[in-house]
Amino acid sequence: MIKISQLGVIFSTVGLMIGLLIIAVSLMSANRIVSYSGTRVSCRKFYLSQEILPDHLFYPIIAGFDRVILWLAGNEEKIYLRTDYGQIRYKYAQGLLEKNKKDLALTTLTKSQKYFNIAAHEAINLSDSIELKKYVSSSLKENIKLTQEMVFEFTDDKRIIIDDLNNQNQLLVETLSEQL
């Protein structure tokens with residue numbers, strides 16, 4: 001049988017966990033901006049003056065929320081979200097380069113490219129929406145252009161990785177263009 005003092009501890013623990021969850025959700029959603037017309041933007045700052053980059057202590061929380069949101073989304077919304085996440089990760093890679101964290105910037109950039117890659121594959125295989133395919137295609141084209149400008153920040157061996165991902169994405173743009 002559970003004693004009253006044990007119940008107090010259990011209820012206090014549950015209350016604390018719920019409180020922390022509310023605070024985390026509040027902080028995550030406070031600065032999130034998403035525009036469904038034109039360019040999508042998402043900015044996570046946790047009420048701080050700087051974006052939370054992958055080298056920040058809170059970044060795993062952001063990544064976890066992104067995964068949950070992606071998991072809960074419908075098929076077409078997942079494509080939009082992956083495209084958004086690709087754009088966001090690209091911006092994170094830029095921020096990391098500014099901080100001279102090239103290895104983490106490369107990892108983040110390749111994650112960006114992979115988000116675009118998956119979004120394009122899903123748009124090609126799962127969606128009949130011309131609007132969605134145009135959105136993914138234009139986002140991919142812009143990402144390829146931006147990434148080609150960024151590639152010179154890396155050593156030759158790292159550029160090969162980025163060029164390979166860009167080539168894959170270029171093939172996906174061509175496939176999407178054929179479906180339009």
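This chain uses plain numbering: 1 for the first residue, then up along the sequence.
- Using a 4.0 Å cut-off between a side-chain N of Lys or Arg and a carboxylate O of Asp or Glu, Glu122 and Lys78 do not qualify as a salt bridge.
- Although no hydrogens or angles enter the test, the distance criterion places no donor-acceptor pair under 3.5 Å between the side chain of Ser112 and the main chain of Thr108.
- A continuous path of hydrophobic side-chain contacts links Phe152 to Met150 [ILVMFWY only; heavy atoms under 4.5 Å].
- The CD atom of Gln168 sits 9.0 Å away from the NZ atom of Lys114 when rounded to the nearest 0.5 Å.
- Proximity of Ile124 to Gln179: side-chain heavy atoms (C-beta onward) are separated by under 4.5 Å at one or more points.
- Considering only heavy atoms from C-beta on, Asn143 stays 4.5 Å or farther from Gln87 through its side chain.
- In plain terms, the two heavy atoms of Ser129 and Glu76 that are nearest each other are CB-OE2, 3.8 Å.
- Between Asp103 and Leu96, every side-chain heavy-atom pair lies at or beyond the 4.5 Å cut-off.
- Of the inter-residue distances, the one linking Thr147 atom OG1 with Leu165 atom CG reads 9.0 Å to the nearest 0.5 angstrom.
- The two residues Tyr59 and Pro54 come nearest to each other via the heavy atoms CG-CA, 3.4 Å.
- Note on Val136: it does not cluster hydrophobically with Tyr90, by side-chain heavy-atom contacts below 4.5 Å among ILVMFWY residues.
- Counting only residues at least two apart or on different chains, the ring pair (Phe, Tyr, Trp, His ring centres under 6.0 Å) pairs with a member in residues 95-116 are Tyr85-Tyr115.
- Shown here is Asp128, whose CG atom has no more than 12 heavy atoms of other residues, nucleotides or ligands within 6.0 Å.
- To the nearest 0.5 Å, the span separating NZ on Lys158 from OG1 on Thr107 amounts to 8.0 Å.
- In this structure the side chain of Tyr92 never reaches within 4.5 angstrom of the side chain of Lys111, judged on heavy atoms.
- How far CD of Gln170 is from CG of Asp163: 12.0 Å, rounded to the nearest 0.5 Å.
- Between the side chain of Lys102 and the backbone N or O of Phe154 there is no donor-acceptor pair closer than 3.5 Å.
- To the nearest 0.5 Å, atoms CG (Leu104) and NZ (Lys99) are separated by 9.0 Å.
- Leu53 places none of its side-chain heavy atoms less than 4.5 Å from the side chain of Glu98.
- Cluster annotation: Leu109 and Ile144 are assigned to distinct hydrophobic clusters (Ile/Leu/Val/Met/Phe/Trp/Tyr, side-chain heavy-atom contacts under 4.5 Å, transitive).
- Hydrophobic clustering (ILVMFWY, side-chain heavy atoms < 4.5 Å, transitive): Leu81 and Ile61 are in one cluster.
- Side-chain contact annotation: Asn169 with Gln113, donor-acceptor N/O pair under 3.5 Å present.
- To the nearest 0.5 Å, the span separating CG on Leu97 from CD on Glu153 amounts to 5.5 Å.
- Each of Val173, Thr83, Asn166 was compared with Leu140 under the side-chain contact (heavy atoms from CB on, under 4.5 Å) criterion, and only Val173 meets it.
- The residue from Asp66, Ile118, Asn117 that alone fulfils the side-chain contact (heavy atoms from CB on, under 4.5 Å) condition with Arg82 is Ile118.
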